[in-house]
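Nothing fancy with the numbering, it's 1 onward along the sequence.
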Amino acid sequence: MTAATHSTLFPQVPETPDAVLDGLDPEQREVALALHGPVCVLAGAGTGKTRAITHRIAYGVRAGILQPATVLAVTFTNRAAGEMRGRLRQLGATGVQARTFHSAALRQLQYFWPKAVGGELPRLLERKVQLVAEAAARCELRLDRNELRDVTSEIEWAKVTQTVPADYPAAVAKTQRDAPRDPAVLSQIYSTYEQLKRDRSVIDFEDVLLLTVGILQDRSDIAEHVRGQYQHFVVDEYQDVSPLQQRLLDLWVGDRDDLCVVGDASQTIYSFTGATPDHLLNFRTRHPGATVVKLVRDYRSTPQVVHLANGLLSQAHGKAADHRLELVSQRDKGPEPAYTEYSDEPTEAEGTARRIRDLVAAGVPAGEIAVLYRVNSQSEVYEQALADAGVPYQLRGAERFFERAEVREAGTALRGAARAGGNDSLLDGAEDLASQVRAVLSTKGWTSRPPAGSGAVRDRWESLAALVRLAEDFETAKPGATLTDLVRELDERAAAQHAPTVQGVTLASLHSAKGLEWDAVFLVGLTEGMMPIAYAKTDEQVEEERRLMYVGITRARVHLSLSWALSRSPGGRASRRPTRFLNGLRPGSAGAGTRGGVGGGGGIDRGSGRAAVERTPAVERKPRSPVRCRVCGRTLTDAGEMKLMRCEECPSDMDEALYGRLYDWRAAQAALLGQPDFCVFTEKTLMAIAEAVPSTEGELVVIAGVGNRKLSRFGTDVLAICAGEAIDGEPEEGADET
């Protein structure tokens, strides 16, 4: 290990307190030195807030102003708390407690329960869904898995907003919340759930906070004990604090003012869980003498990305918008954001995959690229497009499309209907393929009308709706296709998308991308109804959608691409409109020239000097001569048969030994390149090669699934194997990793 590598992995602890301040910008330094009285840090995306607050704690400890054991830093995830502890150790500030709200409260509850209540603390319920299901059953309701998840989430929301069962219906009406069930029914389930917990002496995670609050309120001696232990508090991501967490924080702090909060109201995207930016926005009202520091120097993104993010927020409305931060990029100039309009969703996915492949070929690591979308059901078309392009990918915060429970169940039902064929009464009157699929999925609770609101039920509906759309598109591309044909197509897609997880492009929803960043970000599906989402009805709900898009934009360091499709499927009516959030920002939209020309990447209008939106129509494929089976002469329509150049049932003259060598070589290549096997060649392509036994590049390149790109990468090895020559199994030197 070199000295440089060692210093990167094991950074040297600053020798003096003043050395802790080295490298901080003026505003970060102001945060680090503000060690007394209430402090409010308004920190924009990419401005180094974690750096500022950890250096603040470390400086206070190293200078002897703060005692490590008296400092409690709280945040919202175990990952964030772990990162904070690691940074503090590197700065020489050991002994400081950095925990989540729940973790800190649970430790206190376990310690004080015997004294405050007596006996052992009730058992913590790790998963409350089963108990919610029992509560619903006692209310004579049978809920499926997705309904249970939504009802459970609703109970959690009620508890963190300190809403008791009797008050739940009124709270729903007041907040204009979309409840998954009738509020009166939910109130009954909620009340029964609470009674079941009492009967069985168990508590849930929300109870951990509620019980800690109750003990601190009722027992002044215990509250003083806690305040004597912790005298200095730091709260990260303060815009996400719920009313219950704020109540606990108030009891921890008491009548003192040793509190530092850090947040950004423009990144409040979890209000559906009870989070509210009001505590951050009202901090100076509650603490009139507070020191307020704004961090606006953006170290993450280029000026072009920051300019678009600022422009998006400049059009926002509401209280959070009144406190927005105008970011200033500290990076060198980069490429303009690219705006691309596609004719349909498959073309959008294919175009995105091509651009990603080009970025990887240009040296951007696949792990530094992300495709972000509004809902998880959008992932399937991008999973397919990336697989077809030979680009490895990984999903974050969701299962792969074909691994989702509802998709697996639907696949089983479709296979059963396909096996039954014309004997299935369910399909009576369903003449076309799409109608048959709708009929089968209706047995799984799918309807043509989406359920109200968001949540697991809506997610399930979106996944099944994606299967219906896939069937419609498959029938358009292959008139006369049967249910059996569709099932085979689904199986092939599932096989391609079940490849082992490797280092690759990240596919993620906008919510699950919070806190992350990449060199290149593709924001896709930016149409009205998806961004903002169709069920965002109130002004505040629409503004939260705008903030969600802002979070997506600010995940990009250098490359940012924004795209939308005018229709869902090829040949469909171009009735969609780009998201209203880009009005005045994207080229060609109303007012686009008034902001100094927020750039686009799809070609330049040289007369105006402004970037233009690239409009990409559906790919027009040249008519091809019919592909005929080389054994029996029948016209082939199945993609797999076309690759083999023969019918599946026709006898194969494949060289089995050659196929075995090609199969082993493909596995070695995939391992060396860190990619799934199919990214080298699919099994059908290997079979076609083993049947044709090409001896020249011309004979190899015409085999379906090879093409010029793979010929240049793998052709030498494949021809050598076909000629019976030995190879070392190493990939071609300089081969890209797409």
Side-chain angles (χ1 to χ4, degrees), residues 21-32 40-56 75 80 83-84 87 236-240 261-269 277 280 292-316 320-338 364 368-370 372 510 513-523 546-562 581-582 585-586 595-601 611:
L21 304 177
D22 291 346
L24 299 181
D25 68 30
E27 293 77 25
Q28 292 171 344
R29 188 181 181 90
E30 185 179 354
V31 172
C40 180
V41 182
L42 302 176
T47 57
K49 66 179 179 64
T50 305
R51 176 180 175 82
I53 58 176
T54 52
H55 281 68
R56 176 182 186 271
T75 186
E83 180 185 357
M84 193 178 292
R87 292 199 189 194
D236 193 14
E237 302 287 3
Y238 193 55
Q239 77 278 353
D240 290 332
V261 300
V262 189
D264 179 9
S266 297
Q267 296 189 68
T268 304
I269 59 173
L280 176 66
V292 178
V293 184
K294 295 183 179 181
L295 301 183
V296 297
R297 300 175 194 252
D298 189 321
Y299 297 95
R300 175 187 299 158
S301 305
T302 63
Q304 287 70 25
V305 173
V306 168
H307 185 52
L308 177 58
N310 286 338
L312 180 68
L313 287 189
S314 71
Q315 300 178 346
D322 295 339
H323 294 79
R324 70 183 182 87
L325 299 169
E326 186 85 11
L327 300 179
V328 181
S329 175
Q330 304 300 297
R331 296 193 56 159
D332 292 336
K333 183 179 180 181
E336 295 285 353
V364 180
E368 286 295 344
I369 302 173
L372 305 181
L510 287 163
K514 177 75 165 64
L516 304 174
E517 58 187 76
W518 295 270
D519 284 345
V521 169
F522 290 78
L523 298 182
R546 185 193 304 275
R547 295 194 294 269
L548 187 57
M549 185 169 169
Y550 172 80
V551 166
I553 289 172
T554 55
R555 299 310 95 193
R557 298 191 191 106
V558 181
H559 304 279
L560 177 62
S561 175
L562 305 96
F581 297 149
L582 290 178
L585 301 176
R586 64 180 175 85
R595 294 189 186 282
V598 175

To the nearest 0.5 Å, how far apart are CE in Met84 and OG1 in Thr75? 5.5 Å

Nearest 0.5 Å, please: how far is CG in Leu325 from CG in Leu295? 8.5 Å

Find out whether Leu523 and Leu510 are in side-chain contact, i.e. whether some heavy atom of one side chain is under 4.5 Å from a heavy atom of the other. yes

Between CG on residue Leu42 and OH on residue Tyr238, distance to nearest 0.5 Å: 12.0 Å

Write down the atom of Leu562, the atom of Pro337, and the distance for their closest heavy-atom approach. CD1-CB, 4.0 Å

Take Ile369 and Val364 through the side-chain contact (heavy atoms from CB on, under 4.5 Å) test and state the conclusion after the steps. CA-CA 8 Å; Ile369 302 173; Val364 180; 3.8 Å; yes

Keeping the roles fixed (side chain from Gln315, backbone from Leu582), state whether a donor-acceptor pair exists under 3.5 Å. no

My understanding is that only one of Lys49, Arg56, Lys294, Arg297 makes a salt bridge (charged side-chain N to carboxylate O under 4.0 Å, His left out) with Glu27; could you say which? Arg297

Regarding Gln239 and Glu237, is there a side-chain donor-to-acceptor distance under 3.5 Å anywhere? yes

Quick one: pull up CG in Leu560 and OG1 in Thr302 and give me the separation to the nearest 0.5 Å. 8.0 Å

By the definition side chain to side chain contact (heavy atoms under 4.5 Å, CB included), identify the one residue from Asn310, Val521, Val306, Leu308 that meets it with Ile553. Leu308

Any chance you could measure Tyr550, atom OH, to Leu312, atom CG, to the nearest 0.5 Å? 9.0 Å

Are any side-chain N or O atoms of Arg555 and backbone N or O atoms of Leu516, one a donor and one an acceptor, separated by less than 3.5 Å? yes

Verify side-chain contact (heavy atoms from CB on, under 4.5 Å) between Gln330 and Asp25, making sure each step is shown before the conclusion. CA-CA 11 Å; Gln330 304 300 297; Asp25 68 30; over 6 Å; no

Do Ser314 and Arg324 have side chains that get closer than 4.5 Å, going by heavy atoms? yes

Distance (rounded to the nearest 0.5 Å) between His307 NE2 and Leu327 CG: 12.5 Å

Would you say that Gln304 contacts Lys333 through its side chain, given a criterion of any heavy-atom pair below 4.5 Å between the two side chains? yes

Nearest heavy-atom neighbours spanning Leu280 and Asp264: CD2-N, 3.7 Å

Any donor-acceptor N/O pair, Arg300 side chain to Thr554 backbone, under 3.5 Å: yes

